[in-house]
Amino acid sequence: MSEIAIRTQGLTRDFPSVRAVDSLDLEIPTGVVFGFLGPNGSGKTTTVRLLLGLLEPTSGRAEVLGHDVTVDPQAVRASTGALMEHSGLYERLTAQENLQFFGRAAGMSRGDVKARIRELLEPLDLFDRRGEQVGTWSRGMKQKLAVARSLMHRPRVVFLDEPTAGLDPVAAAGLRDDLARLVAEEGVTVFVNTHHLADAERLCHQVGVVREGRLLALGHPDELRTAAGGRRLEIAGHGLGDQIREALLAMEGVLEVRPENSRLLLDLSPDVRTPDIVRLVMEHGGEIEEVRRGSETLEEAFMSLLEGGADAV
């Protein structure tokens, strides 16, 4: 059984006019990338601040690496890294000077700091530019350096708050690739806040969807797709006319049938069997050339959950 890196039980945080985090229950195992998905204002950043011991919960409790965030917040912060809304970089310093500063502040030796800088910057293609002033860099390069800063002291858990926010699509894709590689090499547990579905799709082993502070769904992205909207079936062939569409719609578990060129696109409940669909089409004179199974995209599942398509877990 995997060790639990992050555990919350009934974690709640109230502000004067709003409940930002509402009875949050999570168990995140070590070594995974966990995506916390939700629109702006859904409580994601407040949750991270609670987990780092920067805010006290109104009720409930949380542990990070076995440390209670209220009882021992210093131990939590010593064993974690974080990239929040601001990068925390000093733009008048070089990349090397930035990492040296953070490494020494974490109690690392000079030799360890030097080795760690190479270890982190080479995979990011930044090592040869370590002597450049950070203020001259692009936003994407700065964000890569900020990720390296969060990993400098070899934390076991890293919190990333919207790491690709403000980046153009090319820079965002590059950062996702670099982050995935670094995470795999470092073996850390990552808690990433995002409302960018591409981040979750490509990075995360497990995701939670939150709305107005409440957890709506939790699981692997594939599980969320199935839970939110069942699955899809695409049938290509000939003779797939109105009579067949009407017969399919009358079948229990068939939610929608949409014609597209010489194909039919079906939305199905999870318990509908593909052979039963194929049999009905053939019985009504349809000629089938190809059948493809699929599911909702993560974006469709995400929007379905936010619009009230699933109850809170």
- Item | Minimum heavy-atom distance Asp276-Met251, with the two atoms named |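 Looking at all heavy atoms of both residues, the shortest contact is CB-CE, 3.5 Å.
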[X] with [Y]: basic N within carboxylate O range, under 4.0 Å:
X      : Y      : answer
Arg130 : Glu132 : no
Asp168 : Arg139 : no
Arg181 : Glu186 : no
Glu56  : Arg13  : no

- Counting heavy atoms not belonging to Arg49, are there more than 12 under 6.0 Å from its CZ?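 Atom CZ in Arg49 is not crowded, with 12 or fewer foreign heavy atoms closer than 6.0 Å.
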- Item | Main-chain N/O of Met108 paired with Arg104 side-chain donor or acceptor, under 3.5 Å |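 Checking the backbone N and O of Met108 against the side chain of Arg104, a donor-acceptor pair under 3.5 Å is found.
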- Query: What do the steps show when you test Arg19 against Glu212 for salt bridge (charged side-chain N to carboxylate O under 4.0 Å, His left out), and what is the final call?
  - Reply: CA-CA 8 Å; Arg19 172 161 285 184; Glu212 297 177 350; over 6 Å; no
- Task: Apply the test salt bridge (charged side-chain N to carboxylate O under 4.0 Å, His left out) to residues Asp112 and Arg154: give CA-CA distance (whole Å), side-chain angles for both, the deciding distance (0.1 Å), then the verdict.
- Result: CA-CA 11 Å; Asp112 195 18; Arg154 298 185 180 87; 3.0 Å; yes
- Item | Worked check of salt bridge (charged side-chain N to carboxylate O under 4.0 Å, His left out) between Glu119 and Lys114 | CA-CA 9 Å; Glu119 197 173 78; Lys114 182 178 179 180; over 6 Å; no
- Task: Report yes if the side chains of Thr194 and Phe36 come closer than 4.5 Å at any heavy-atom pair, otherwise no.
- Result: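 Answer no - side chains too far apart.
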- For residues Lys142 and Val134, determine if any side-chain heavy atom of one lies less than 4.5 Å from a side-chain heavy atom of the other.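 Touching, per the 4.5 Å side-chain cut-off.
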- Item | Short side-chain donor-acceptor distance under 3.5 Å, His238 and Glu289 |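 Checked: Glu289/His238 side chains pair up, N/O donor to acceptor below 3.5 Å.
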- Do Asp161 and Thr45 have side-chain N/O donor and acceptor atoms under 3.5 Å apart?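 Result is yes, a qualifying pair exists.
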- Atom pair CD (Gln133) and OH (Tyr90), whose distance is rounded to the nearest 0.5 Å: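 Output value for this atom pair is 15.0 Å.
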- Starting from the C-alpha separation in whole Å, work towards a yes-or-no answer on salt bridge (charged side-chain N to carboxylate O under 4.0 Å, His left out) for Asp267 and Arg258. CA-CA 9 Å; Asp267 290 347; Arg258 300 184 303 283; 3.2 Å; yes
